[in-house]
Every structure is written in structure tokens, then in C-alpha cells.
Amino acid sequence: MAFGKGCHLHLIDGSAFIFRAYHALPPLTRKSDGLPIGAVSGFCNMLWKYIEDAKGSDAPTHAAVIFDKGSHTFRNDLYDLYKANREEMPEELRPQIPLTREATKAFNIACEELAGYEADDIIATLARQGREAGGRVTIISSDKDLMQLVGGGVEMFDAMKNRAIGVEEVEAKFGVPPEKVIDVQALAGDSVDNIPGAPGIGVKTAALLINEFGDLETLLARAGEIKQPKRRETLIEKAEQIRLSKQLVTLDDQTPIEFTLDDLEIREPNPEELMEFLNRMEFRTLTRRVAEKFGAEPPPAPEVSDVPASHDAQAQDIEQPPFNPDSYTCIRDAGELAKWLDEARAKGWVAVDTETTSLDEMQAELVGVSLCIEAGKAAYIPLGHTSGGDDLFGGSERVAGQMDLDEALKLLKPVLEDPAILKIGQNMKYDFKIFARHGIRVAPIDDTMLMSYAMFSGLHGHGMDALSDRYLNHQPIPIKELIGSGKNQITFDKVEVEKATRYAAEDADITLRLWQMFKPRLHREQVTTVYETLERPLVPVLADMEMAGVKVETAVLSRMSNAFAQKMAQLEDEIGQIAGQPFNVGSPKQLGEILFDTMGVEGGKKGKTGAYGTGADVLEDVTTMEDTNPQAAKLAARVLDWRQISKLKSTYTDALQTHVNPETGRVHTSYVISGANTGRLASTDPNLQNIPVRSEEGRRIREAFVAREGCKIVSLDYSQIELRILAHVADLPEMREAFKEGLDIHAATASEMFDVPLEQMTPEIRRQAKAINFGVIYGISGFGLARNLRIPRAEAQGFIDRYFERFPGIRRYMDATVEFAKEHKYVETLFGRRIHTPEITAKGPAAGFAKRAAINAPIQGAAADVIRRAMIRMPGEIMHLPAAMLLQVHDELIFEVADHAVDELIAVARRVMESAAEPAVKLSVPLIVDAGQGASWAEAH
DNA sequence: AACTTCACG
DNA sequence: GACGTACGTGAAGTTC
């Protein structure tokens, strides 16, 4: 039938259907192979319901489901930031997209998409054609971007709310008739699609203006007449941006399509084809319903005996084979390896683990690789086992019966890089780096350590032994049994292949079993998004940073070390003389005895071990006793000096040099993703997150961190990110405004608290306000603040009371957070990260700790989430620049950049960092990033 | 291995 | 009414 008068065309927005199905449904997986299938299931059910509902007097005569194709459209050519805020498609959803196309075809509904155009443009084109042909058109969608099409026989239908959207509804939403919707959208912009619009003008104002002036061009031409100065200026200054926005929101109803409306005529589905598809997807209920409807016999359900427990909701109830080290295979030739890799291909996943000669990934030599396909079925590939002493004479020999390393890697590479095969590991960053050094970029990955971290942070550690014990009730073979411990420890290449097989294959076996258990549980714990957007994508990013390393000038450190040694010797001498006897200045015990027993300083406090406390705060108090005990005061002052230098020397100038990699001449730290409960990273071997900066002498250590020839070190750091997040989550209007105005936040707080005008602010008042601001982040207490500010406790309490009075949101936030923690036993960041607080119900001092930790975690955690998001986006954004991201220090990112690209790097990285919360969270406070550059970290900071 | 101290955000 | 306390880390050195 030719489309024309009396015909009714339904246009279904396929992408909206898919996303709704994905988010509305629990994460189903196909039983036979674990393929995520929830969105396809929901999509099919919606199509089926749609078909059933659409049979009536108002039935469509023609219908099509319209999809988006690819992500690059002509709009990206107009404006490169178009939809730049969009989150990546969830990993679980990606493989389901082609299946929804198949589903549409199986239902025998026309299925259309066009590269370079969004679904909305195709819908616009078809709607226009339908209207022009004199028929009726209904767009099944509630997307506001489609509302411009309404009118003249075209209407929309919100399938979710079961509600028609006609001219009236559009007017209610936009304040203008449909044909002027694009003018309003051009002004108002859209943060979701990153349409800039006119800053400061929302839908309400836009509608007002359009109604007053008639249309956008008239408005822009006569903008000078507008009374409000700010509005007038925006419209004049941003006219081009507004016109661009209009282009972006205007749907193209002239897309070149290769079919006609007549091709979209409704067709009955072919029962066999439809049932074949539904059955293949293993949708039992829907298959049965379709069979009933057509009076056909449902096809036999597919064989699901080989159920991977992982994907079953009752995973724990399914009997797993016991651990049996004798059952593991040792792969010694290419034929056997190929067989295992084929199994991995067939399954679509494989657990992988590497054995090496060192925990330092930059120096470790690959000794073997283990694989596991399913619980109990694991293998080890020995590749670099040696025998004999490798000591004085270097007489180590390669053990027989091993595959050649390169031959094995050649076979492994296509599997490890195959986008259709998931590589599962425990702490994958380690293995990722090992393989990367052999030219293999492992992807895609899952990491059981990070799954555990996302689900259980605050409850327990995430190491494999702990997880195996807790979740599999199995104690793995301790590594000590193979390599020993202490000074007799051997490297893994010296371990017998048979023993190594039992140990290494077991690790892969454990990892796979943990994965099977954790995968479905991620959804139940509601941390899938956290895992997929904040944990897992960090693995390759951090691996690259760590492998890049940072150049450290050992000569600079050596020089400083020598100077420190001299100064220390001098101080030790002096200290011995004051004390009347030489003693180990580095021994807090000896120092305490001399100070408090021999020299008679009053008020020494013993800790739980019976030793006097001699921390810096105690010694500082002693230095003030010039009148009562001048000798002790002098001694304490010298010890404080000695301690500072001793620390700098041992931890920084000396230890740091030992971490310079002989091959690269650079220092390669290792970040622990699951190191801190709050979501912060931890840096180890060496820790590059605590390089001195607060003291003048210490800061000079940073002069040794330099850029390579022709490059600069660039540092970008978030300004006051935790306070900004606090202002947002605790809803503190005064603080929010202060940030919006770009004020000195501590001065502004002081002004608010002590009624001192900003112009009359003194450093002392500001310092106190600063201490309180930080105190609030830490879960303030009168005692803690008093100690920090060295003021009487009552006075500190007075400050806090006043702070609560002036910023009532703070108390509300603190109370609400503690209440939440008590009820749920966890707290949550803005981005959904959960930090468990099991101690919150404890009695005694532990309760106080838990309370403060609960108050702090969402703030520290959200800040950590923000910088993680920035780091994850960064590589893609700076790809085109001669620059590398090297280090992260909680609120700071450090880059090494070619001289000529410094300015551009700063611009790009700043943009990424300042917008990192979006689009997941729209903060009510701007994020601001400060930048510095120079030849060294000292100059850049 | 536990404890103390101190470097950072 | 007393308890004890700022939040989150890692490393080095001493002591047991």
C-alpha cells in the first residue's frame, strides 16, 4: 500500500528504547555463555508490548525503528565539542547493540540507520515525508529534541508514561509553539549534549525573549533594545555561538535515505524466524508467548547444561569442582597452547596471570603465564625457568621442556588483544605492564581486585589470598613455599616447573572463580558503574604513567645528601654535648629518657608501650621552655632540626636514588588503585605522593625531578577541591557564592565567621578560619581544633559553634551522613562510590573514629572520583600533543611536555580537569585548576 | 612485626 | 560523665 492520506506512520526511537531497557532492568545474562542480554530482553519485551498495544482502531499502517549509527555525525564537524560530555557506553551494553537490530528484523519491523546522521534526523525526514504525503505520524519517544517536529499531523507518544505529546504539551514544556522550539533551544543550550547556547539564559528566559521578539534572528538583530545589561551583552557577544547552537539543535529533515515510506508498511512477523531469534537469546517466557500467539510449537530450549555459575543469580549455590593442584596442565608446546587458546576464544573469556622474577614490573622478567578457562580447568606455560646457580659464575641454564618465549607470546598476543575475549586478572595492572613490555596491549579486561574494591572497600583487603579465603573458603599455596623468604629467597625462575605449575595455575583458577562470583554481585551491590567508569579504565592509564616514569637527577640528590650528612654530624655532636653523653638521636626511646628522666623535663607522657612520646609537637613544646629548662629547650630544637634533615636524607635523597631504573634513568612509581578506602590512589616503591614541599629545604628535593631535554614539567592542580565539594554536598550557599566569585575561601570564611570585612582581614584570623575549614572536612571536634590551633578547648568549641551557626548546612550534612552510615553501614560519594563503615556502631573511642571517617569519606572520595575521571579521559584528549601524563598527587597531575606544546597542553588538560565531574554530576560550584611549568617539579608547582 | 615518627594531600 | 579524638596514605628507623 502506498503511504498517503489515511495512513499512520509510527517512528520508534530505537536508542531511547535500548537505554531505557538497559537501565530499567537487572543485569540479565544469557545462561549458556554469560553474554549480557538484559537490554535486548527489555527491548524485545517493549517491541512485543508495542505490537500488541498497537492493534486497535488507531493502529499504525507503517512503522520503523530508527537507530543511531556510529558516534560521529555532521554535528561534530560543526562543533567538535558536540556531545563531548556523553559518558562512554557501558561495556555490558555495547555487545547488545547489534542484537537489538537483529531483534527488530526478527519482529519484521523496518530497521533503519544512516552513518553520519543521528536517529533524530532520520525521524525528522520521515516525519516530513509522512506529513507531506497527507498521513499521520506518531513518534514513539519522549526526547525533547524531537519536539520541534510536532504539529501538522505529527505528534509524539511517551510510551513510558503512556501519554501523547501534541502541540499543547510542547508549548507547556518550552513556552513556545513547536516551530519555535529550536529558537528556544538555541538560547537555552543543553548541558547533556554540550550545546553552548547563551550563558545564563535558560528555557524560561529564552521563551520570554522569543515570544517578545518573534524569532531568534529578530531577537539577535534587536538585542540592543534589551533592558537587562547582562542579558543584552550576552546576546550581542555570543550571537555566533547562539547561531551555532541553533544549527546543532535543528534536525535535518532532508537526510538522504534510500528507502521510501512504502517500504515501512506493517508486516506480520514470521513466527519461525522470530522464535528462532528469541530462543537463541534464551528468552523462555517471550518465546512461549509468541508461540501461543501464533499457535505454534515453541522450539526446544537450547542445551544449558554447561552453565557458567558466574552468570547465575544463584552462583553461590552451584557446586564448584574442588581445587585440585594435580589437575592442572603444564603447557610445553605450541599445539597444546593453541588448544587452550581456542577454548578461550570459544568461551569469550580467560583468566590470566603472569609469574616473573620481581615485583617491580619494570625490571621483572617473564617466567611463565597461567590460564584458566573455567573453575578447576587451568594451565601453566613455563617460559623462563632456569636451573643452577646464577651467582658468581652466572652458570644458570634454561630448563628443558619449555616453549620458546617469543613463540608463546606470538600465539598469546592475538588472544590477549582480541576485543571479543575478556581477560580476567587479579591486579591486572601488573600483568598489563609485563605484557606491554613485550609489545602486547591486553584488552578488554576485568580485575577481581578492583571488583572487590568497588564492592567491599572498608570491609577488608583485596589481595588474592584474603579474597580466596573469604569467598572461596580456600587457602592458596603460599608463595613462601616456593621461593622462601628473607635473605634465602629465590626468584621464581628457579622454582621447579612442576611446583610452579601447581602454584601458578591455582592463582588463575582462583581468579576465575572469584570473577564468577563477583560479576553478578557487582550489580547487586549497585557498584557496576563505579567499577566500569572509575576503577577498571584506570588500569591502562596508570600502567602507561608508571611505565613512562619521571626523570630524576641523581647528581642533584647526591649533592644534597652529602650536605645533609655533614649537617647531621654537626647536629649530632652538638646534641651529644648538650645531653652530656652521646646517644642515638634517631632513637625516640633514648631521646625520651634523656629529655624526661635525665634532664628533668616535666610533663613527659608515656604511650601504651611505656615509652615517652617525642613527636614533633612534644618537642616543639619543649623548645618553649627556655626559661625553666634552657638546656632541654636547646636540645629539643636541635633534635627537631636533625629529624627534618634525617628524614630528607634517608627517605628522599638516598632512597629515591635507589629507585632510579638503570635502563630508563627514570623513577617508576607504582600506584595502588585499591590502596585507600576513600578512592584515593596510593603510590609505592617509591611513594611519589609525599615528596616534600612544605618546608624550604624539603622543597628543594623537587629540583631533582626534571623534564627530559626539550621538555618542561607541567603541573595542574585543583584549587580547594574538597571544600568545593563540601560546599556542593552540604549545600552551603555562602561558601558556594564565595567560590563563584573567585574569593579567597579562607578569608571569606573568616569574614563570615568573625564579622571582619575582607579588606580588614589579618593573616592570623584567616589562619584560624583555614584550620576550621579543614577541620570540618575531617569531622571536626573541639579537641582536635584546639590542639591544631594551640588554643584552649573552650575557645575552639566556640569557633565550631559559630561555624555551625553561620553555615547550618554543615551540621545537617554531618548528622545526615552519620545517620546514613548507621543505617546502611556505608557512605557514598556523589559518583556512587561506596565506602563501608562497619565500625560506625562500635562503642567507645572507635565510634568517634568511625564517625569522622564517615563524614570525611564522601568528600575525600568525591574529590578522588573527580580526578580519576579526568585521568581516564586525559590520554584521549592529549593524544595529539607531544606530552605524557606522569604523576598524580591526589589533586594534582604532572605532565612532561615538549617546550612548544606547553601552552596547549595546559589549555587541554585544564579543560578536562575542570569539567571532569560532568556529565555524571553537575556541581553547583565551579572547579578551578591552577597550572605551573618549569624545568623541574620545583619550578612547576 | 610492631611501633614511632614524619613526608604529602 | 568519661572516654579519646582531627581525614587519608607510605617509608624509614628502632625496638622487641
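The sequence lines fix the lettering, A, B, ..., with proteins before strands; numbering per chain opens at 1.
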Using a 4.0 Å heavy-atom cut-off, does A:Ala796 contact any base of the nucleic acid, only the sugar-phosphate backbone, or nothing at all?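 Nothing, no heavy atom under 4.0 Å.
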
With sugar-phosphate meaning primed atoms plus P, OP1 and OP2, does A:Gly613 contact a base, only sugar-phosphate, or nothing at under 4.0 Å between heavy atoms? sugar-phosphate

What are the bounds, 5' to 3', of the part of DNA chain B that sits under 4.0 Å from heavy atoms of chain A? B:dC3 to B:dG9

Sugar-phosphate means primed atoms, P, OP1 and OP2; the rest is base. With that split, encode nucleotides 10-16 of chain C 5' to 3' as B, S or - using protein heavy atoms under 4.0 Å. BBSSSSS

Residues from residues 928-941 of chain A lying under 4.0 Å of DNA chain C - heavy atoms: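 Nothing qualifies; none.
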
Where along residues 797-811 of chain A does a heavy atom fall under 4.0 Å from DNA chain C? none

Could you tell me if A:Gln475 and A:Asp469 have a donor-acceptor pair between their side chains, going purely by distance under 3.5 Å? yes

The dot-bracket string of DNA chain C, counting Watson-Crick and G-U wobble pairs with both distances under 3.5 Å, using [ ] for crossing pairs and | for pairs to another strand, is ......|||||||||.

Atom pairs, N/O to N/O, protein against nucleotides 2-4 of chain C, distance under 3.5 Å?
none

If you look only at pairs with a residue in residues 932-941 of chain A, which of them pass as a side chain to side chain donor-acceptor pair (under 3.5 Å), with sequence neighbours excluded?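 Sorted result for residues 932-941 of chain A: A:Glu892-A:Trp937, A:Glu892-A:His941.
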
Applied to residues 845-866 of chain A, the side chain to side chain donor-acceptor pair (under 3.5 Å) test, sequence neighbours excluded, yields A:Thr678-A:Gln860, A:Thr829-A:Asp865, A:Arg833-A:Asp865, A:Asn856-A:Gln860

Considering only C:dC7, C:dA6, C:dT9, which nucleotide approaches the side chain of A:Asn856 most closely?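 Given the options C:dC7, C:dA6, C:dT9, the side chain of A:Asn856 is closest to C:dC7.
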
Partners passing ring-ring contact (aromatic ring centres under 6.0 Å, His included) against A:Tyr453 (at least two apart in sequence or in another chain): A:His462

Which residues pass the side-chain hydrogen bond (donor to acceptor under 3.5 Å, both in side chains) test with A:Ser670, sequence neighbours left out?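 Not a single residue meets the side-chain hydrogen bond (donor to acceptor under 3.5 Å, both in side chains) criterion with A:Ser670.
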
Are any side-chain N or O atoms of A:Glu914 and backbone N or O atoms of A:Val929, one a donor and one an acceptor, separated by less than 3.5 Å?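 It does hold such a pair.
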
Give the rounded distance in Å between these two atoms: NZ of A:Lys843 and P of C:dT5. 19 Å

Can you name the residues that form a side chain to side chain contact (heavy atoms under 4.5 Å, CB included) with A:Ser695, not counting sequence neighbours? A:Gln644, A:Glu697

Hits for side chain to side chain contact (heavy atoms under 4.5 Å, CB included) against A:Ala548, two or more places apart or cross-chain, chain-then-number order -> A:Leu886

